[in-house]
Amino acid sequence: MNAYTNCIIETSGITKTFVMGHWKKRRTEALRGVDLCVRTGEIFGILGPNGAGKTTLMNILISLLRSDSGVVRVMGREVTHRFPASIKRRMNMCSGNPNFPWSLRPSEILRFYAMLYGVPRPERDRRIERYLHEFELERYADVHFDELSSGTKQKIALAKSLLNDPEILLLDEPTVGLDPDIALKTRELIRRIHAERGITILLTTHYMREAEELCDRVAFIRQGRMVALGTRDELTAMTKTADLEGVFLELAHP
């Protein structure tokens with residue numbers, strides 16, 4: 001692949017195969033040679049049908065999984081086999097359908113993760129207070145997690161992902177299962193976070209409108225392979241379609 005000097009995340013030839021079963025093994029090729037360059041400061045979308053390999057790729061980029069082959073570089077350093085803590089501390093991830101301990105309250109959840117991320121105590125308290133206010137969570141100070149609405153739970157997950165002041169934020173289906181009005185507010189939060197902080201955001205989504213509203217560029221993955229990458233206009237021109245929904249329908253099947 002072509003190297004870009006401003007790639008904050010770069011992959012070359014990434015593969016990942018999952019082997020399941022004991023007696024009769026079943027192999028699933030989740031990624032088949034993925035080349036990728038995410039530029040500093042952009043919102044980059046990863047699109048594709050269910051089972052395409054989107055979440056597997058995100059987990060490799062955040063070091064929750066290790067690729068079978070290929071090269072991964074983050075912030076100019078190769079992290080394929082060893083992901084330095086100094087790089088991890090500058091990243092975070094938020095997934096849809098968040099699941100925190102049912103009995104904890106929003107402030108307790110944020111305090112636990114701030115401690116986990118090593119945020120010093122004076123700064124920890126300031127950030128928790130800030131995000132409780134910014135994400136309108138103060139009114140839920142005494143409410144257990146399992147009693148909260150899906151939208152409020154997603155706000156907590158987003159707030160948690162900002163506690164370590166990341167330079168790279170990975171969002172895996174951040175609005176999945178949310179009501180349309182809550183999904184809209186979540187997109188507004190993501191847009192505001194990006195505008196205020198200028199951080200690099202990777203986003204996976206099944207909602208083409210979400211990708212159109214948020215992403216500077218998008219990559220389309222099908223059956224573990226990268227089949228297209230570009231801006232909305234570049235992809236619609238390539239597929240001779242009107243929008244990303246048309247692009248999806250055009251590229252979703254071989």
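Note that these values count all heavy atoms, side chains included, but never hydrogens, waters or copies made by symmetry. The model shown is predicted, which means the values in this text are computed figures rather than measured ones.
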Q: Can a salt bridge be assigned to the pair Lys240 and Glu250 using a cut-off of 4.0 Å between side-chain N and carboxylate O?
A: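 Salt bridge between Lys240 and Glu250, a charged N being under 4.0 Å from a carboxylate O: no.
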Q: Short question: side chain of Asp216, backbone of Ile43 - any donor-acceptor pair under 3.5 Å?
A: yes
Q: To the nearest 0.5 Å, how far apart are CD in Glu78 and CD in Glu10?
A: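 The distance works out to 10.5 Å.
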Q: Which residue pairs satisfy the salt bridge (Lys or Arg N to Asp or Glu O under 4.0 Å) criterion with at least one member in residues 145-161, sequence neighbours excluded?
A: Glu136-Lys155
Q: May I ask you to test the Leu31-Ser67 pair for a side-chain heavy-atom distance under 4.5 Å?
A: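 When only atoms from C-beta onward are counted, Ser67 and Leu31 do not touch, as no gap falls below 4.5 Å.
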Q: So, for Tyr131 and Leu163, which heavy atoms are closest and what is the spacing to 0.1 Å?
A: CD1-CD2, 3.9 Å
Q: Donor-acceptor pairs under 3.5 angstrom involving side-chain atoms of residues 165-175: please list them, not counting sequence neighbours.
A:
residue: Asp165; atom: OD1; partner: Arg197; partner atom: NH1; Å: 2.9
residue: Glu167; atom: OE1; partner: Arg90; partner atom: NH2; Å: 3.1
residue: Glu167; atom: OE2; partner: Arg90; partner atom: NE; Å: 2.8
residue: Glu167; atom: OE2; partner: Arg90; partner atom: NH2; Å: 3.4
residue: Asp172; atom: OD1; partner: Thr55; partner atom: OG1; Å: 3.4
residue: Asp172; atom: OD1; partner: Thr204; partner atom: OG1; Å: 2.4
residue: Asp172; atom: OD2; partner: Thr55; partner atom: OG1; Å: 3.1
residue: Glu173; atom: OE1; partner: His206; partner atom: N; Å: 3.4
residue: Glu173; atom: OE2; partner: His206; partner atom: ND1; Å: 2.7
residue: Thr175; atom: OG1; partner: Glu210; partner atom: OE1; Å: 2.5
residue: Thr175; atom: OG1; partner: Glu210; partner atom: OE2; Å: 3.4

Q: Could you check Arg26 against Thr28 for side-chain contact (heavy atoms from CB on, under 4.5 Å), going step by step and ending with a plain yes or no?
A: CA-CA 7 Å; Arg26 181 165 59 88; Thr28 300; 3.7 Å; yes
Q: Using a 3.5 Å distance criterion without hydrogens, assess whether the side chain of Arg222 forms a donor-acceptor pair with backbone atoms of Pro49.
A: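 Here the side-chain-to-backbone pair does not exist.
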Q: Show the numbers, then the answer: is there a side-chain contact (heavy atoms from CB on, under 4.5 Å) between Arg73 and Ile9?
A: CA-CA 6 Å; Arg73 294 183 181 87; Ile9 292 177; over 6 Å; no
Q: Could you walk me through whether Leu214 and Arg187 pass the side-chain contact (heavy atoms from CB on, under 4.5 Å) test, one step at a time?
A: CA-CA 8 Å; Leu214 294 176; Arg187 288 195 293 272; 4.1 Å; yes
Q: Could you go through residues 98-108 and list every donor-acceptor pair under 3.5 Å that involves a side-chain atom there, pairing it with any protein atom two or more places apart or in another chain?
A:
residue: Arg105; atom: NH2; partner: His144; partner atom: NE2; Å: 3.4
residue: Glu108; atom: OE1; partner: Arg105; partner atom: N; Å: 2.8

Q: Going from CD on Glu134 to CG on Leu158, what distance comes out if it is rounded to the nearest 0.5 angstrom?
A: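 Rounded to the nearest 0.5 Å, the CD-CG separation comes out at 11.5 Å.
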Q: Name every donor-acceptor pair, under 3.5 Å, that has one atom in a side chain of residues 225-233 and the other anywhere in the protein, sequence neighbours excluded.
A:
residue: Thr231; atom: OG1; partner: Glu234; partner atom: N; Å: 3.1
residue: Arg232; atom: NE; partner: Glu212; partner atom: OE2; Å: 3.1
residue: Arg232; atom: NH2; partner: Ala242; partner atom: O; Å: 2.9

Q: Within the 4.5 Å heavy-atom criterion, are Leu61 and Leu202 side-chain neighbours or not?
A: yes
Q: Roughly how far, to the nearest 0.5 Å, is CG of Asn164 from CG of Asn92?
A: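 If I round to the nearest 0.5 Å, the distance is 4.5 Å.
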Q: Can you tell if the side chain of Leu148 reaches within under 4.5 Å of the side chain of Phe145, non-hydrogen atoms only?
A: yes
Q: Kindly determine whether Arg77 and Ile87 satisfy side-chain contact (heavy atoms from CB on, under 4.5 Å), including the steps that lead there.
A: CA-CA 9 Å; Arg77 294 185 62 177; Ile87 299 293; 4.1 Å; yes
Q: Under 3.5 Å, is there a donor-acceptor pair between the side chain of Lys54 and the main chain of Leu47?
A: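 Checking the backbone N and O of Leu47 against the side chain of Lys54, no donor-acceptor pair under 3.5 Å is found.
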Q: Please report the interatomic distance NZ(Lys16) to CG(Asn59), rounded to the nearest 0.5 Å.
A: 10.0 Å
Q: If hydrophobic clusters are built by linking Ile, Leu, Val, Met, Phe, Trp and Tyr wherever their side-chain heavy atoms come under 4.5 Å apart, do Ile201 and Ile8 end up in the same one?
A: no
Q: Return the CE to CE distance between Met91 and Met75, rounded to the nearest 0.5 Å.
A: 6.5 Å
Q: Checking the side chain of Thr205 only, and the main-chain atoms of Ala211 only, is there a donor and an acceptor separated by less than 3.5 Å?
A: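 No, Thr205 side chain to Ala211 backbone: no donor-acceptor pair under 3.5 Å.
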Q: Roughly how far, to the nearest 0.5 Å, is CZ of Arg66 from NE2 of His81?
A: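 These two atoms lie 7.5 Å from each other.
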Q: Is the shortest side-chain heavy-atom distance between Leu189 and Phe135 below 4.5 Å?
A: yes
Q: Using the rule that two of Ile, Leu, Val, Met, Phe, Trp, Tyr join whenever any of their side-chain heavy atoms come within less than 4.5 Å, decide whether Leu65 and Val74 are in one cluster.
A: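 Linked within one cluster.
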Q: Check whether any side-chain heavy atom of Ile60 sits under 4.5 Å from a side-chain heavy atom of Phe83, and report yes or no.
A: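 Not touching, per the 4.5 Å side-chain cut-off.
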Q: Identify the two heavy atoms, one from Cys215 and one from Leu203, that lie closest to each other, and give their separation to 0.1 Å.
A: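 That would be SG-CD2, 3.7 Å.
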Q: Between Thr15 and Ser69, does any side-chain donor sit less than 3.5 Å from a side-chain acceptor?
A: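 The criterion, which ignores hydrogens and geometry beyond distance, is satisfied for Ser69 and Thr15.
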Q: Measure from the side-chain N and O atoms of Lys88 to the backbone N and O of Ile62, and report whether any donor-acceptor pair falls under 3.5 Å.
A: no
Q: Would you check if the side chain of Thr200 reaches a backbone N or O of Thr40 as a donor-acceptor pair within less than 3.5 Å?
A: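 Answer holds: no.
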Q: Is the closest basic N to carboxylate O distance between Arg192 and Glu188 below 4.0 Å?
A: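 No, no charged N to carboxylate O under 4.0 Å.
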Q: Could you tell me whether the side chain of Val79 reaches within less than 4.5 Å of the side chain of Ser63, counting heavy atoms only?
A: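 Of all side-chain heavy-atom pairs linking Val79 with Ser63, none is under 4.5 Å.
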Q: Please tell me whether Val38 and Ile14 are part of a single hydrophobic cluster in this structure, the criterion being side-chain heavy atoms less than 4.5 Å apart.
A: yes
Q: Is there a side-chain contact between Leu244 and Val247, using heavy atoms and a 4.5 Å cut-off?
A: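 In contact.
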Q: Can you get from Met208 to Leu249 by hopping between Ile, Leu, Val, Met, Phe, Trp and Tyr side chains that sit under 4.5 Å apart?
A: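 Different clusters.
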Q: Take a 6.0 Å sphere around CD of Glu129 and say whether it holds more than 12 heavy atoms from other residues, nucleotides or ligands.
A: no
Q: Would you say Phe18 and Thr56 make side-chain contact, with heavy atoms under 4.5 Å?
A: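 Phe18 vs Thr56: side chains touch.
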Q: Which atom names give the shortest non-hydrogen contact between Ala219 and Leu36, and what distance separates them?
A: CB-CD1, 4.3 Å
Q: Has Thr80 got a side-chain atom pairing as donor or acceptor with Val71's backbone, closer than 3.5 angstrom?
A: no
Q: Taking atom CE of Met115 as the centre, does the number of heavy atoms from other residues, nucleotides or ligands within less than 6.0 Å exceed 12?
A: no
Q: Is there a chain of hydrophobic side chains (I, L, V, M, F, W, Y, each step under 4.5 Å between heavy atoms) that links Phe44 to Val218?
A: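 Hydrophobic grouping puts Phe44 apart from Val218.
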Q: Under the rule for side chain to side chain contact (heavy atoms under 4.5 Å, CB included), what residues qualify as partners of Ser149, not counting sequence neighbours?
A: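 Applying side chain to side chain contact (heavy atoms under 4.5 Å, CB included) to Ser149 gives Thr152.
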Q: Please determine if Glu42 and Arg39 form a salt bridge, counting it only when a charged side-chain N lies under 4.0 Å from a carboxylate O.
A: no
Q: Who else is in the cluster with Leu178 when I, L, V, M, F, W and Y are joined by side-chain contacts under 4.5 Å?
A: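 Result for Leu178 is Ile182.
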Q: Can you check whether Glu245's main-chain N or O pairs, donor with acceptor, with Asp243's side chain at less than 3.5 Å?
A: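 Present.
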